[in-house]
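Please read the structure below before turning to the comments.
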Amino acid sequence: MGGHEQHSYWVILLTFFLAIILALVPLPVWMLWARPEWLALVLIYWTIALPHRVGIFTGLILGVTLDVLEGATLGQNAFSLTVVAFLTLILYQRMRVTNLWQQAAMVFLLVGINQLICQWIQNLQGVAAETSLFLLPAISSALLWPMILHALRALRRHYEVN
Amino acid sequence: MRALLSIFIVAILIIADLRFNSLDGTRSVLNNLAAPIYWLADTPTRIFAWSDTNIRSRSELLEDNDKLRTKNLLLSGRSQQIAALMAENTRLRALLNSTALLRNDVLVAELIGVSPDPVRHQMILNKGVVDGVYVGQALIDEEGLLGQVVEVSEMSSRVLLITDATHAIPVQVNRNGVRAIAEGTGALGFLEVHHVAATTDIEEGDLLVSSGLGGRFPVGYPVAVVSKVVRDPGRAFTLVEASPVAALDRSRHVLLIFAEPQNRTP
């Protein structure tokens with residue numbers, strides 16, 4: 001059993017790693033603003049699926065990692081992902097029983113909050129966006145949610161991560 | 001409880017980073033880990049670039065070859081004059097009793113990542129401390145000035161572009177030497193030139209070059225071309241916008257400039 005536990009941890013880590021890579025892949029200029037918040041999506045999924053394993057501290061560590069990679073203020077993504085994980089932990093029982101599009105609506109709100117927090121901290125540094133385009137990732141992330149959910153659920157069942 | 005602890009940690013991080021800059025050392029250590037991840041994230045772009053150079057038709061190659069030949073002829077034609085101009089320049093400088101400007105050494109670097117955040121105009125280069133890159137070093141592409149190095153780690157460095165909202169560069173109008181400061185706006189397309197008096201001689205189409213004041217950037221590299229001048233009597237200063245000449249969102253190979261200390265006449 002011990003070996004199996006180890007194995008399943010790797011699945012979670014691997015998905016987070018892929019999400020980080022996707023968050024850094026260069027995009028054409030017209031798509032820059034709409035980049036989905038991959039890390040937030042994957043974090044939300046694992047928090048709903050395994051709230052006893054993935055949660056606030058996971059969000060904190062992932063956030064600091066993303067901050068270093070993005071060259072953002074240390075703590076920016078750490079703060080927003082912590083809040084996202086915290087809210088998901090409150091909501092996970094509700095999200096498990098609602099249908100796909102209601103879930104997507106909640107993801108829209110969660111990623112929207114994520115974006116607002118990031119924007120707020122960037123404001124402290126004086127590099128904030130002057131448009132509301134920074135909310136676009138909330139829409140693109142919500143649209144991607146069904147795909148993420150199915151892919152990660154298949155992965156979780158296949159490797160029996162629990 | 002966990003939430004409170006996390007928020008506490010995050011608050012300390014943000015304050016330490018924003019107010020006291022006390023995490024710069026930690027950051028440059030952590031950045032060593034960043035280079036391979038950026039390299040990995042850059043793989044799709046590299047594959048496209050590879051297929052672009054390797055899968056080409058003969059006619060395209062011939063056409064390219066022709067174009068490059070013409071360009072080469074033009075450039076070597078122009079460089080013939082440069083020798084004479086340099087000699088003349090040295091003579092004139094001797095007359096003015098100021099020391100000669102030294103030529104700058106350059107290092108070719110390749111882009112391995114761009115900031116995923118659209119409001120942050122930063123790039124990651126594949127050269128670091130090992131190659132002698134230092135904080136504050138200027139970099140150019142074939143057209144003009146791109147920006148400066150803000151963080152270095154062993155194998156990579158992070159660069160701030162001149163269009164970033166937190167960046168400003170001292171410039172002068174190439175035509176008449178009027179000095180100004182061009183600030184980034186967060187938009188890739190233009191810089192704002194601040195505090196230009198209403199009577200200043202500056203026109204659309206003027207080339208702005210780096211003035212070297214402030215000691216950060218080397219003198220005389222093209223920065224931007226003035227694209228808009230609005231003289232509004234209601235404003236204290238003239239509104240001047242300029243578009244950068246460097247291909248900020250397209251350059252893949254850039255040159256890092258090693259500026260040598262320059263003695264200028266006071």
Side-chain angles (χ1 to χ4, degrees), chain A residues 17-18 20-29 31-35 37-38 55-61 63-83 85-87 89-90 117-119 121-131 133-134 136-137, chain B residues 1-7 9-19 22-24 26-35 37-45 111-124 150-151 158-160 164-167 184-188 249-250:
Chain A
F17 186 70
L18 282 179
I20 287 176
I21 300 279
L22 282 172
L24 297 176
V25 166
L27 288 182
V29 174
M31 267 174 68
L32 266 187
W33 289 96
R35 180 196 292 273
E37 288 292 315
W38 297 101
I56 291 167
F57 281 135
T58 324
L60 182 70
I61 293 164
V64 172
T65 314
L66 195 58
D67 286 332
V68 171
L69 292 175
E70 279 192 354
T73 309
L74 270 189
Q76 175 186 314
N77 289 295
F79 190 12
S80 63
L81 288 180
T82 304
V83 172
F86 177 66
L87 293 175
L89 277 180
I90 293 175
I117 293 174
C118 284
Q119 188 65 13
I121 293 172
Q122 285 183 340
N123 246 323
L124 294 179
Q125 207 194 2
V127 291
E130 285 171 3
T131 59
L133 283 177
F134 70 89
L136 265 184
Chain B
M1 194 55 223
R2 279 183 173 195
L4 279 180
L5 183 59
S6 297
I7 295 292
I9 296 173
V10 167
I12 289 178
L13 278 179
I14 293 175
I15 293 169
D17 198 19
L18 270 186
R19 287 279 160 262
S22 52
L23 295 172
D24 287 353
T26 327
R27 214 176 240 280
S28 70
V29 173
L30 289 173
N31 265 324
N32 288 326
L33 307 173
I37 295 184
Y38 267 102
W39 183 85
L40 212 59
D42 190 42
T43 312
T45 324
L111 203 67
I112 55 171
V114 289
S115 170
D117 191 341
V119 296
R120 245 177 252 279
H121 295 185
Q122 294 181 344
M123 308 191 300
I124 317 287
V150 285
E151 277 173 33
R158 191 180 290 274
V159 167
L160 191 67
D164 189 272
T166 59
H167 196 274
T185 55
L188 264 181
D249 53 345
R250 291 184 298 279

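We name chains A, B, ... by the order of the sequence lines, and we start the count at 1 in each one.
- Interface residue A:Leu60: only side-chain heavy atoms are found under 4.5 Å from chain B.
- With a threshold of 4.5 angstrom between heavy atoms, A:Thr82 approaches chain B through side-chain atoms but not through N, CA, C or O.
- The line from CG of A:Leu69 to CD1 of B:Ile37 is 5.0 Å long, rounded to the nearest 0.5 Å.
- For chain A, the nearby part of B:Leu5 is the side chain; its heavy atoms alone come within less than 4.5 Å.
- Of the inter-residue distances, the one linking A:Leu24 atom CG with B:Tyr38 atom OH reads 4.5 Å to the nearest 0.5 angstrom.
- Across every non-hydrogen atom of B:Val10 and A:Gly75, the tightest pair is CG1-O, 3.5 Å.
- Remark: A:Leu66 CG to B:Asp117 CG distance equals 9.5 Å, nearest 0.5 Å.
- A distance of 8.0 Å separates CZ of A:Phe86 from CG of B:Leu4, quoted to the nearest 0.5 Å.
- A:Pro26 and B:Ala41 get closest at one heavy-atom pair: CD-O, 3.6 Å.
- Heavy-atom pairs under 4.5 Å with chain A were tallied for B:Leu18, B:Ile7, B:Leu40; the largest tally goes to B:Leu18.
- Contact annotation for B:Ile9: only side-chain heavy atoms (C-beta onward) come within less than 4.5 Å of a heavy atom of chain A.
- Of the listed residues (B:Ala165, B:Ser115, B:Ala3), the one with the most heavy-atom contacts under 4.5 Å to chain A is B:Ala3.
- Residues A:Thr73 and B:Arg120 come closest through the heavy atom pair N-NH2, 4.1 Å.
- Residue A:Glu70 comes nearest to B:Gln122 through the heavy atom pair O-OE1, 3.7 Å, listed as atom of the first residue, atom of the second, then distance.
- Of the listed residues A:Gly63, A:Cys118, A:Gly55, A:Gly71, the one with more heavy-atom pairs under 4.5 angstrom with chain B than any other is A:Gly71.
- Taking CG of B:Asp17 as the reference point, atom CD of A:Gln125 lies at 7.5 Å (rounded to 0.5 Å).
- Contact record, B:Val119 with A:Gln122: CG2-OE1, 3.4 Å, taken as the closest heavy-atom pair.
- Note: A:Leu74 CG to B:Ile15 CD1 = 13.0 Å, rounded to the nearest 0.5 Å.
- A:Ala23 and B:Pro116 get closest at one heavy-atom pair: O-CB, 3.1 Å.
- With a 4.5 angstrom heavy-atom cutoff, A:Phe134 does not touch chain B via any of its atoms.
- Looking at A:Ala78, both its backbone and its side chain come within 4.5 Å of chain B, counting heavy atoms on both sides.
- Of the two parts of A:Ala72, the backbone and the side chain both hold a non-hydrogen atom closer than 4.5 Å to a non-hydrogen atom of chain B.
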